[in-house]
J.: 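What follows is a structure written as structure tokens; I'll ask about it next.
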There are 4 protein chains.
Amino acid sequence: MATEYTYEGISVGDKASFSKTISEADVSGFAGITGDFNPVHVNQVFAEKSQFKKRIAHGMLSASLISTVLGTRLPGANTIYLSQEVKFTAPVYLGDTLTAEVEVTEKNDKKKILTLKTTVVNQEGKTVVDGQAKVMKT
Amino acid sequence: MATEYTYEGISVGDKASFSKTISEADVSGFAGITGDFNPVHVNQVFAEKSQFKKRIAHGMLSASLISTVLGTRLPGANTIYLSQEVKFTAPVYLGDTLTAEVEVTEKNDKKKILTLKTTVVNQEGKTVVDGQAKVMKT
Amino acid sequence: MATEYTYEGISVGDKASFSKTISEADVSGFAGITGDFNPVHVNQVFAEKSQFKKRIAHGMLSASLISTVLGTRLPGANTIYLSQEVKFTAPVYLGDTLTAEVEVTEKNDKKKILTLKTTVVNQEGKTVVDGQAKVMKT
Amino acid sequence: MATEYTYEGISVGDKASFSKTISEADVSGFAGITGDFNPVHVNQVFAEKSQFKKRIAHGMLSASLISTVLGTRLPGANTIYLSQEVKFTAPVYLGDTLTAEVEVTEKNDKKKILTLKTTVVNQEGKTVVDGQAKVMKT
């Protein structure tokens with residue numbers, strides 16, 4: 001079963017993370033599911049002429065790793081995702097290894113709502129996604 | 001090829017959209033790419049006992065359809081995704097047909113940055129994702 | 001990061017599990033990766049005439065959920081998979097929800113080898129895969 | 001259609017095989033279907049620091065090629081997979097070309113059960129999976 005915390009068992013400052021390498025297959029698959037065939041993701045020739053010089057992963061793919069941590073690690077199952085704000089701060093290239101991390105920054109005990117700082121960094125420690133989530137833990 | 005506008009060719013009020021039905025294969029695939037095996041998405045038995053009563057799609061999958069519109073329709077290729085804010089306002093079930101729509105609400109001519117209202121609605125017209133994006137058009 | 005135990009932190013009797021619903025997309029994808037296009041998995045017409053009366057999932061797909069538990073939960077990362085014995089005791093149909101469970105039954109402290117009872121059950125509690133694994137925890 | 005033998009048409013000593021190159025897409029896809037995101041399979045940075053020095057394929061992916069031979073070549077369609085024992089004897093790296101081979105070693109005519117020696121070797125002839133299967137041919 002997925003890890004699961006109770007609302008009471010979670011404290012401000014608690015952290016969790018998830019890591020994976022973003023393969024070409026992941027980017028192809030993400031394009032296929034979402035329909036986001038922006039040429040900078042799926043067209044090597046186009047990408048080489050762009051400012052990025054090579055294909056980059058979808059920003060929302062990187063951002064989705066935050067959901068992975070929230071839904072499977074902290075708070076885990078029975079978390080209701082209320083909102084997510086993300087800034088895309090650096091490009092992610094095929095083959096980059098990303099680590100999504102969430103940290104609880106605030107608890108609203110009345111509504112059982114948690115605010116979390118959410119970041120995704122690459123293998124060099126550079127932040128590629130920065131933002132904040134709000135979730136309700138039932 | 002993707003549609004492509006110049007920055008100057010885009011006006012406040014311009015709109016574009018993208019629609020697709022979210023299949024079980026999409027949800028399985030999205031879990032597989034992101035690692036988000038939250039049981040409410042991939043475990044039918046768990047989902048039936050949850051408040052949702054059946055499996056729901058990942059919120060970030062629905063939100064990613066916004067990126068599809070931005071990167072392939074308006075503004076289209078050569079758009080740099082700067083940020084995205086989303087609120088998840090209603091659950092999305094397997095088989096739902098979603099329409100993501102973006103509308104330009106503000107232009108910052110100096111920085112060539114556009115602000116867009118971004119929404120995703122289901123086949124009944126119910127808003128499932130609400131928010132705002134900022135992009136730079138190069 | 002994946003859960004990780006030290007060899008010393010694991011005791012005989014420790015258990016862990018992983019659950020998911022086996023979708024048609026999973027079976028199609030598994031066939032595509034392995035090349036196992038046995039008609040009972042990918043041919044609806046053939047399957048209806050077979051003793052199973054409908055399409056069944058690949059036995060090795062069900063068995064692979066055992067590896068998921070071993071490699072991500074107990075013992076978790078840095079586990080070396082030495083061997084697996086499985087008996088396929090009942091068919092798995094598309095839409096079945098499986099739970100793979102492992103239980104430590106023996107420790108060989110000299111070689112740091114663990115023996116685990118490994119089972120996969122469906123949503124009705126029926127055992128579909130039964131067997132035993134040996135792993136080394138580094 | 002898959003090749004199909006009758007039980008009587010199969011003799012001890014009969015062999016069949018199936019070969020394919022294991023791509024990064026195969027490993028990403030297998031993780032996505034099974035949920036096995038063990039970092040040695042999906043995290044390049046982690047894998048480089050492990051004893052394997054680079055990402056390896058899931059052992060059960062290699063083992064599943066045995067099922068491909070059994071279900072599509074020998075004995076082919078209408079084979080009931082009863083059991084499989086595997087030893088994982090060497091790591092499989094992305095880009096390795098595997099050949100799964102099965103050889104009939106015993107026939108139980110009363111129960112129509114075949115025992116087969118099952119091996120998977122890489123492009124250098126090194127055995128990566130070794131074991132035995134039992135199947136019933138209907």
Side-chain angles (χ1 to χ4, degrees), chain A residues 1-2 4 18-20 22-23 25-43 46 50-52 58-73 76-89 91 100 129-132 134-135 138, chain B residues 1-2 4 18-20 22-23 25-43 46 50-52 58-73 76-89 91 100 129-132 134-135 138:
Chain A
M1 289 303 298
E4 190 173 349
F18 173 74
S19 298
K20 81 167 271 190
I22 302 302
S23 70
D26 293 325
V27 172
S28 291
F30 195 86
I33 291 169
T34 62
D36 186 352
F37 285 80
N38 183 328
V40 81
H41 304 311
V42 300
N43 182 329
F46 177 96
S50 78
Q51 68 177 114
F52 299 111
H58 301 77
M60 290 300 268
L61 168 47
S62 304
S64 294
L65 302 184
I66 296 166
S67 168
T68 304
V69 185
L70 296 172
T72 67
R73 302 197 169 180
N78 291 313
T79 295
I80 297 175
Y81 210 173
L82 298 177
S83 68
Q84 179 71 55
E85 295 172 18
V86 285
K87 284 186 184 160
F88 303 108
T89 52
V129 179
D130 195 16
Q132 177 178 293
K134 284 189 191 292
V135 301
T138 59
Chain B
M1 283 301 299
E4 191 176 347
F18 172 75
S19 296
K20 84 167 267 190
I22 303 301
S23 69
D26 292 326
V27 172
S28 290
F30 194 86
I33 290 169
T34 61
D36 187 351
F37 282 76
N38 183 328
V40 80
H41 305 309
V42 301
N43 183 327
F46 178 96
S50 76
Q51 67 176 117
F52 299 110
H58 301 77
M60 290 299 267
L61 168 47
S62 305
S64 294
L65 302 184
I66 296 166
S67 169
T68 303
V69 186
L70 296 172
T72 69
R73 302 198 171 178
N78 291 310
T79 296
I80 298 176
Y81 210 174
L82 299 176
S83 67
Q84 180 71 55
E85 295 173 18
V86 285
K87 285 186 184 162
F88 302 108
T89 51
V129 178
D130 196 14
Q132 176 178 293
K134 283 186 190 293
V135 302
T138 61

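Throughout, protein chains are lettered first and strands after them, A, B, ... in sequence-line order, and every chain is numbered starting at 1.
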J.: Is it the case that atom NZ in K134(A) sees more than 12 heavy atoms from other parts of the structure closer than 6.0 Å?
T.: yes
J.: Drop me the distance from Y81(B)'s OH to H58(A)'s NE2, to the nearest 0.5 angstrom.
T.: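 Y81(B) atom OH to H58(A) atom NE2 measures 11.0 Å (nearest 0.5 Å).
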J.: If we define contacts as heavy-atom pairs under 4.5 Å, which of L65(A), T34(A), T89(A) has the most with chain B?
T.: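 Answer, by heavy-atom pair count under 4.5 Å with chain B: T34(A).
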J.: Distance check, rounded to the nearest 0.5 Å: L70(B) atom CG versus S64(B) atom OG?
T.: 11.0 Å
J.: Quick one: list whatever passes side chain to side chain contact (heavy atoms under 4.5 Å, CB included) with S19(B), sequence neighbours left out.
T.: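 Only T99(B) meet the side chain to side chain contact (heavy atoms under 4.5 Å, CB included) criterion with S19(B).
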J.: Just to verify, what does T79(B) make a side chain to side chain contact (heavy atoms under 4.5 Å, CB included) with, not counting sequence neighbours?
T.: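 Checked T79(B) against side chain to side chain contact (heavy atoms under 4.5 Å, CB included); matches are P75(B), V135(B), K137(B).
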J.: Would you mind checking which part of A63(A) comes under 4.5 Å of any heavy atom in chain B, side chain (CB onward), backbone (N, CA, C, O), both or neither?
T.: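 When you check distances to chain B, atoms from both the backbone and side chain of A63(A) fall under 4.5 Å.
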J.: So which part of Q132(B) gets closer than 4.5 Å to some heavy atom of chain A, the side chain, the backbone, both or neither?
T.: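 Q132(B) has no heavy atom closer than 4.5 Å to chain A.
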J.: Looking at S83(A), P91(A), A100(A), S50(A), which one has more heavy-atom pairs under 4.5 Å with chain B than the rest?
T.: S83(A)
J.: Is K87(B) close to chain A through its backbone or its side chain, or both, or neither, when contacts mean heavy atoms under 4.5 Å?
T.: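 Both parts, heavy atoms under 4.5 Å.
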J.: For F18(B), which atoms come within 4.5 Å of any heavy atom of chain A: side chain, backbone, both, or neither?
T.: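 Interface part for F18(B): side chain.
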J.: Measure the spacing between OG1 of T138(B) and CD1 of I80(B) and express it to the nearest 0.5 Å.
T.: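 One gets 5.0 Å once the value is rounded to the nearest 0.5 Å.
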J.: Could you tell me which portion of V86(B) (side chain, backbone, both or neither) has an atom closer than 4.5 angstrom to a non-hydrogen atom of chain A?
T.: both
